[in-house]
Participant: 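What follows is a structure written as structure tokens; I'll ask about it next.
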Amino acid sequence: MKKWAVLAVIVVVVVILLLIGMGSYNHLVTLSQATDNQWAQVQNVYQRRADLIPNLVQTVKGSAQFEKSTLEAVTNARASVGRVTIDASHAPDDAAKLQQFQQAQGELSNALSRLMMVSESYPDLKSTQNFRDLQAQLEGTENRISTERGRFNDAVKAYDTAIHHLPTALFAGMFGFRDKPYFQATESAQTAPAVNF
């Protein structure tokens, strides 16, 4: 009779561990999918910005005196963004790859900022409705990028926290769940810009 009681206890313990393992696995899959979904949203708004740039460049080219070096910088930065590939089907799990992606996007943001600053010197360009519309769309897209990056970081936080909590942490490594990197502020964002009048 004791053998059956011990065997029953062992079976109950194994079943409980299996249920905890299945629950942990399913929870991590759900969080990983949420992170991947949010990454897709980040990619979506970056693509929106990339799609706006050719229209903006063509509108600006219409102003014959406009500085070619600025237009070339925007075009080259947009092309460099296309060379950085991260699998869009799931969130990046390599911090170096995400950093490379961020750097390319940052260069494009800087080139676009220079374009907008230089455009201030061209009243004819600023007065065209097409340019104003594109500028407003670009500003809205930049706000969306910021929002979606924040949401992505929130999803990564929930996922990374879950894989380190017990009892899920016991199963996370076994099932291959690893930390995912956050979007980070660029080093230049740490220093306040100097404003001179």
Side-chain angles (χ1 to χ4, degrees), residues 1-51 77 80-110 112 138-193:
M1 191 66 167
K2 276 187 170 181
K3 288 181 183 180
W4 291 110
V6 170
L7 185 60
V9 169
I10 291 172
V11 168
V12 168
V13 168
V14 168
V15 168
I16 289 172
L17 287 175
L18 284 173
L19 290 174
I20 291 172
M22 287 180 0
S24 294
Y25 178 81
N26 290 337
H27 181 64
L28 290 175
V29 167
T30 299
L31 291 175
S32 181
Q33 289 295 314
T35 304
D36 293 347
N37 179 56
Q38 195 53 53
W39 175 250
Q41 287 302 106
V42 169
Q43 293 273 15
N44 183 35
V45 291
Y46 275 125
Q47 184 61 50
R48 175 177 160 68
R49 177 172 73 173
D51 292 345
S80 73
V81 164
R83 288 190 291 271
V84 178
T85 57
I86 294 180
D87 185 1
S89 66
H90 60 79
D93 50 8
D94 178 12
K97 195 70 163 170
L98 183 60
Q99 180 63 31
Q100 186 182 13
F101 177 82
Q102 279 185 253
Q103 183 178 358
Q105 292 293 346
E107 289 171 10
L108 180 55
S109 294
N110 290 338
L112 287 170
L138 197 56
E139 289 169 359
T141 299
E142 292 297 329
N143 289 335
R144 288 180 185 151
I145 288 170
S146 177
T147 299
E148 296 302 338
R149 283 174 51 153
R151 289 178 180 163
F152 173 77
N153 280 348
D154 290 343
V156 168
K157 177 184 174 195
Y159 169 84
D160 285 353
T161 300
I163 67 172
H164 294 288
H165 276 182
L166 287 174
T168 307
L170 301 173
F171 300 99
M174 190 179 353
F175 294 126
F177 291 96
R178 305 279 181 261
D179 283 333
K180 294 185 187 241
Y182 290 95
F183 270 107
Q184 305 278 331
T186 60
E187 287 185 28
S188 62
Q190 306 293 328
T191 308

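No experiment lies behind these values; they were computed from the predicted model shown. Scope of the values below: all heavy atoms of this structure, side chains included, with no hydrogens, waters or symmetry mates.
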Participant: Rounded to the nearest 0.5 Å, how far apart are OG of S24 and NE2 of H165?
Facilitator: 12.0 Å
Participant: Using the side-chain contact (heavy atoms from CB on, under 4.5 Å) criterion, which residues pair with V45? Sequence neighbours excluded.
Facilitator: R144, I145, E148
Participant: Search all heavy atoms of T161 against all heavy atoms of K157 and return the closest pair with its distance.
Facilitator: OG1-O, 2.7 Å
Participant: Closest heavy-atom contact between S32 and F177?
Facilitator: CB-CE2, 4.4 Å
Participant: Measure the CG-CD1 distance between L166 and I20 for me, rounded to the nearest 0.5 Å.
Facilitator: 11.0 Å
Participant: Please report whether the ring centroid of F101 lies less than 6.0 Å from that of Y46.
Facilitator: yes
Participant: Looking at every non-hydrogen atom in both residues, tell me the closest pair between R49 and L138 and how far apart they are.
Facilitator: CG-CD1, 3.8 Å
Participant: D160 and R178: which non-hydrogen atoms are nearest, and at how many Å?
Facilitator: OD1-O, 4.5 Å
Participant: Does any part of the side chain of T168, heavy atoms only, come nearer than 4.5 Å to the side chain of I163, both counted from C-beta?
Facilitator: no
Participant: May I ask you to decide if Q105's main-chain N or O and S109's side chain share a donor-acceptor pair within less than 3.5 Å?
Facilitator: yes
Participant: Got a sec: does the OH of Y182 have more than 12 other heavy atoms crowding it under 6.0 Å?
Facilitator: yes
Participant: So, for A155 and A34, which heavy atoms are closest and what is the spacing to 0.1 Å?
Facilitator: CB-O, 4.2 Å
Participant: Are Q33 and N37 close enough that a side-chain donor and a side-chain acceptor fall under 3.5 Å?
Facilitator: no
Participant: Kindly indicate whether the side chain of Q43, heavy atoms from C-beta on, has any atom under 4.5 Å from the side chain of R48.
Facilitator: no
Participant: Once you round to the nearest 0.5 Å, how far does CZ of R149 lie from CD of Q38?
Facilitator: 12.5 Å
Participant: Judged by atom type as modelled, is there a donor-acceptor pair below 3.5 Å linking the side chain of N153 to the main-chain atoms of F183?
Facilitator: yes
Participant: Taking ring pair (Phe, Tyr, Trp, His ring centres under 6.0 Å) as the definition, give me every residue that meets it alongside F171, ordered by chain and number, with sequence neighbours left out.
Facilitator: none
Participant: Check L31 against A158 and note the closest heavy-atom contact, atom names and distance.
Facilitator: CD1-O, 3.7 Å
Participant: Regarding K180 and the six-membered ring of Y159, is the cationic atom NZ or CZ under 6.0 Å from the ring centre and inside 45° of its axis?
Facilitator: yes
